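Model, not experiment: these values are computed from the prediction. Reminder, nothing fancy here: chain letters follow the sequence lines and each chain counts from 1.
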Amino acid sequence: MTSLFTFDLLRCSDASSARRGVFSTPRGTVQTPAFMPVGTLGTVKGVEIETLRASGAEMILGNTYHLSLRPGEETVAALGGLHAFSGWEGPILTDSGGFQIFSLAKMAKIDERGAVFRSHIDGRIVDLTPERSIAIQEKLGSDIAMVLDHVVGLPCERGRIEEAMYRSIRWAKRCQDAARNPKQALFAIVQGGLEPDLRRICAEELTALDFPGYAIGGLSVGEPPEQMYEMIEATVPHLPAEKPRYLMGVGKPEDILNGILRGIDLFDCVMPTRNGRNAMGFSDHGPIRIRNAKYERDSRPLEDDCPCPGCKRSRGYLRHLFLAKEMLGPMLLAIHNLTYYQRLVARARKAIEHGTFERFYRERLDGWSRGHEPAV
RNA sequence: UCCCUGAUAGCUCAGUUGGUAGAGCAAGCGGCUGUUAACCGCUGGGUCGUAGGUUCGAGUCCUACUCGGGGAG
C-alpha cells in the first residue's frame, strides 16, 4: 500500500501550518492543497467529464450509500467499476455513508454493529455496517475509501459526542480489518465534536492504527466557522505530518483558505455545484446572486479573467437562463464555481511555494469581506 | 333586440348562510458546507369593472351602465 499511495511534501510554510504536497495514487497524482468536487451518484451534477477535467479537478468524490441504493454496487461492478461506469479516469474517493447516517438520521437506527436505514428512495431497509461499507467501496473500486464514522450534529452534549467518537474509532478499526484491496487506500476520520481533548484523543488513537490518510469529520454541521477553525487547530497537531489531511465537507472559499492555513491538504464540498445550480456564482469579490435584477443588462462576465465557458457569456445572459429555467444556467454556474475553486487552490499552492501564502490569505479574505466590485 | 354568464394581485383563479380578501404562478430578495437540494424560505403587491341602492356592515344582495363570453330571434 505504501508504494501505491505516496504523499510528498514539497514545501511547508514557515509562518503557518500551510503546506504544498503531491498525493500519488495508481490513477494519477493530486497536487495539494486540493479541492475535490462532489459526484455523489457517479456524476458531478450537470458537468461533463472533459469540462470537469478542464476546471482543474484531479480527484472527485462518489458516495457509498447513494450508489449502493442506485444503481447498486453490483451493477457498478458489472459495468467495470466506478471509473469505467462514470467515465472519470482520475482518482476517486468514496465517502463511506457515515454522513448519510447523520443527514438521514430520522430514517436511521445506530448501534455498535452499524446503522439500519430506511432508504430515502423507496423505504427499503438498508443495513450499513463498517464491513458492509468497505465491501461496497471495494465493489465500486474507488481509489480512496473512507471508514464508516458516526457523525453528530453540533452543538451536542459531550456525552453523546464522546460515545460517537469512540464508536468511530472502533468502526475505523473494523474497516481496516475488513479492507482487502491493496489498490484502495483507506482514510480514517477524526470525530470529537467541539471538544478539543476528544479531537486529540481521536487523532492519536487513529494515528496509532496507521492509516495512509486522515480526515477531520463532523464539522460544518451547525457550528460557527470560528469553532470549526479551532477544532482544526485542536486536531492537526496530533496527526502524522507525513500523511495527507482531509477536511470533509468544507466549504466556502474562506473556509478553504482557513483550512489550508491550518494544515489541511484535501477538501470537498457540494457548495460550488449546488450553489451554482441555485444561481450563486463565486468570485474574488464575493458571491454573485445572478438572479438579482441588477444583472439584467450587465454585459460583463462573472469574472474577467476566468477561462470557464460561462465567463464567455454576460451576466445578463446567465441571469436570463435562470429566469427562463434553462438547464444551461445551472450547468454554467456549476462549472464556473468549480473553476473558481480550482483556481483558488492553485493560487494557494503557488503562494505556498513562493512563501507568500499568508499574504495571499489576508488579501483574499479582505477582498471577500469588502464584498463588492468596482461599479460598471 | 332579448336571455344567460363572467369581471377579485402582473397572470390564472378561490372566496363558506353578507362581518373591509386568499392560493398558484410571476416579480423582488435571501439561504445552501463528507448532496434526500436545477432546491428551500421570506417579502411586496388588490379604492374586489363603474355608479347608485338595501344594511349597523356589501367581493358577496338589488338596479343601471361598461366591457368580455355564450345562446335565442
Side-chain angles (χ1 to χ4, degrees), chain A residues 35-47 59-67 69-70 92-108 117-123 126 133 137 142 144-151 153-154 168 187-191 215-225 227-229 246-256 258-259 264 266-282 287 289-296 319 321-335 337 341:
Chain A
F35 178 80
M36 305 178 283
V38 177
T40 306
L41 280 159
T43 164
V44 175
K45 295 184 194 301
V47 184
M59 177 154 63
I60 65 172
L61 260 69
N63 187 275
T64 300
Y65 167 78
H66 289 287
L67 286 167
L69 285 186
R70 196 164 50 185
I92 297 177
L93 180 152
T94 42
D95 188 25
S96 59
F99 188 76
Q100 280 63 45
I101 296 177
F102 158 71
S103 65
L104 304 170
K106 300 128 289 206
M107 294 182 265
F117 277 86
R118 300 228 74 125
S119 154
H120 71 283
I121 299 168
D122 58 9
V126 182
S133 177
Q137 294 184 76
S142 57
I144 316 279
M146 299 304 298
V147 300
L148 189 70
D149 60 341
H150 185 174
V151 183
L154 298 173
S168 294
F187 280 20
I189 306 174
V190 176
Q191 289 293 337
I216 301 176
L219 291 177
S220 63
V221 285
E223 80 286 3
Q227 293 185 2
M228 174 172 82
Y229 304 151
Y246 164 28
L247 180 58
M248 303 188 79
V250 174
K252 295 179 180 176
E254 59 262 40
D255 297 330
I256 305 278
N258 274 294
I264 300 297
L266 298 167
F267 301 86
D268 81 281
C269 192
V270 302
M271 199 163 268
T273 44
R274 180 189 288 170
N275 288 30
R277 286 198 306 283
N278 294 332
M280 188 174 121
F282 289 95
R289 285 172 263 271
I290 201 66
R291 277 182 312 229
N292 285 184
K294 63 181 172 183
Y295 300 120
E296 182 178 8
R319 175 175 194 270
L321 292 179
F322 272 95
L323 297 193
K325 301 198 190 310
E326 280 292 333
M327 66 171 84
L328 187 59
M331 290 169 63
L332 288 178
L333 243 60
I335 293 162
N337 288 342
Y341 269 61

Residues two or more places apart in sequence or in another chain: which of them pass side-chain hydrogen bond (donor to acceptor under 3.5 Å, both in side chains) with [X]?
X      : value
A:H66  : none
A:Y65  : A:H120
A:N278 : none
A:D255 : A:Y229

- [ ] Extract the stems that RNA chain B is part of, considering only consecutive pairing runs of at least three Watson-Crick or G-U wobble pairs, both distances under 3.5 Å.
- [x]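 Ordered by first number, the stems with RNA chain B (at least 3 consecutive pairs each) read B:1-7 with B:66-72, B:10-13 with B:22-25, B:27-31 with B:39-43, B:49-53 with B:61-65.
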Mind checking the [atom1] distance from [N] to [M]? Whole angstroms is fine.
N     : M     : atom1 : answer
B:C40 : B:C4  : C1'   : 47 Å
B:G49 : B:G68 : C1'   : 11 Å
B:C48 : B:A7  : C1'   : 10 Å
B:C25 : B:A14 : C1'   : 14 Å
B:U43 : B:G24 : P     : 12 Å
B:U16 : B:G22 : P     : 14 Å
B:G30 : B:U47 : C1'   : 33 Å
B:A72 : B:U54 : P     : 39 Å

For a quick test of your reading: what N or O donor-acceptor pairs under 3.5 Å do the side chains of residues 94-105 of chain A make, sequence neighbours left out?
unit_1, atom_1, unit_2, atom_2, d
A:T94, OG1, A:Q137, OE1, 2.8
A:T94, OG1, A:S142, OG, 2.6
A:T94, OG1, A:I144, O, 3.3
A:S96, OG, A:G98, N, 3.2
A:S96, OG, A:V147, O, 2.9
A:Q100, OE1, A:N63, ND2, 3.0
A:S103, OG, A:F99, O, 3.3

- [ ] If a protein heavy atom is under 4.0 Å from the base, mark B; if only from the sugar-phosphate, S; if neither, -; do that for nucleotides 29-39 of chain B going 5' to 3'.
- [x] SBBBBBBBBSB
Open item on the list: I'd like to check the side chain to side chain contact (heavy atoms under 4.5 Å, CB included) partners of A:R118; sequence neighbours left out, ordered by chain and number.
Closed with: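 In terms of side chain to side chain contact (heavy atoms under 4.5 Å, CB included), with neighbours along the sequence ignored, A:R118 is linked to A:M107, A:I125.
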Task: Partner residues of A:I335 under the side chain to side chain contact (heavy atoms under 4.5 Å, CB included) criterion, sequence neighbours left out - done: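 Listed in chain order: A:V47, A:T51, A:C308, A:P309, A:T339.
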- [ ] Measure from the side-chain N and O atoms of A:D268 to the backbone N and O of A:V38, and report whether any donor-acceptor pair falls under 3.5 Å.
- [x]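 Not confirmed, A:D268 side chain does not pair with A:V38 backbone.
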- [ ] Could you tell me whether a side-chain N or O of A:R277 sits under 3.5 Å from a main-chain N or O of A:M331, the two making a donor and an acceptor?
- [x]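 It does not hold such a pair.
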